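Quick caveat, the model's predicted, so the values are computed rather than measured.
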Amino acid sequence: MNKNYKNVGQAQDWRMTMLHYQYHCACCNKVVNSTDKECPECGSHNIRSPFGFWIFCILTCLAVAILFKSVQVYLQQHDTDTPAQMNIFEILQHDEKTNK
């Protein structure tokens, strides 16, 4: 009996996982076939794709990577533009040379 109960639980988990990859009506949140143009329950034409969130995540990651790389290139270019700083000994030696 425990073996059958375990299989039923696994089947329910599989069905719940499959619900995440189904098309849903945006109005009544009922499961709709991917070929349907309107919801059979309420008649709404607004069908939500299960892949919209993943496309958003991929595009967001791509934008973050491009932003990170452009900031890195910007910082590398401006890092070489800083003038060399003179230490106190060089300033004093320079002053001694000009006073003589």
Side-chain angles (χ1 to χ4, degrees):
M1 253 193 176
N2 286 341
K3 185 178 181 181
N4 291 337
Y5 178 73
K6 184 178 179 182
N7 289 339
V8 170
Q10 288 175 348
Q12 288 175 351
D13 289 341
W14 180 77
R15 276 186 258 140
M16 290 302 289
T17 304
M18 289 305 294
L19 287 177
H20 294 291
Y21 296 109
Q22 292 178 343
Y23 289 82
H24 290 274
C25 174
C27 181
C28 62
N29 204 25
K30 297 287 182 183
V31 176
V32 180
N33 289 332
S34 63
T35 57
D36 290 344
K37 298 296 179 187
E38 64 183 28
C39 177
E41 296 289 324
C42 65
S44 174
H45 291 278
N46 195 355
I47 308 296
R48 289 186 299 178
S49 170
F51 306 108
F53 177 72
W54 293 110
I55 292 171
F56 172 75
C57 288
I58 290 170
L59 291 177
T60 302
C61 289
L62 181 64
V64 167
I66 290 171
L67 180 68
F68 177 77
K69 191 61 180 175
S70 61
V71 167
Q72 186 181 25
V73 168
Y74 176 80
L75 291 176
Q76 285 178 351
Q77 286 179 350
H78 288 295
D79 192 25
T80 59
D81 293 342
T82 58
Q85 294 182 354
M86 296 175 60
N87 61 19
I88 189 72
F89 298 115
E90 292 173 349
I91 293 172
L92 293 175
Q93 287 177 354
H94 181 60
D95 287 341
E96 288 177 7
K97 289 179 184 176
T98 57
N99 290 339
K100 288 185 178 181

Can you tell me how far the CG atom of Asn29 sits from the OG atom of Ser44, to the nearest 0.5 Å?
11.5 Å
Who are the side chain to side chain contact (heavy atoms under 4.5 Å, CB included) partners of Glu41, not counting sequence neighbours?
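For Glu41 the side chain to side chain contact (heavy atoms under 4.5 Å, CB included) partners, ignoring immediate neighbours, are Cys28, Lys30, Cys39.
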Taking distance alone, no hydrogens or angles, what donor-acceptor pairs closer than 3.5 Å link side-chain atoms of residues 53-69 to residues at least two apart or in another chain?
unit_1: Thr60; atom_1: OG1; unit_2: Phe56; atom_2: O; d: 2.7
unit_1: Lys69; atom_1: NZ; unit_2: Gln72; atom_2: OE1; d: 3.3

Looking only at non-hydrogen atoms, find the nearest pair between His24 and Val31 and report the distance.
CE1-CG2, 3.6 Å
Please identify each residue that fulfils side-chain hydrogen bond (donor to acceptor under 3.5 Å, both in side chains) with Asn46, with sequence neighbours left out.
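Asn46 satisfies side-chain hydrogen bond (donor to acceptor under 3.5 Å, both in side chains) with no other residue.
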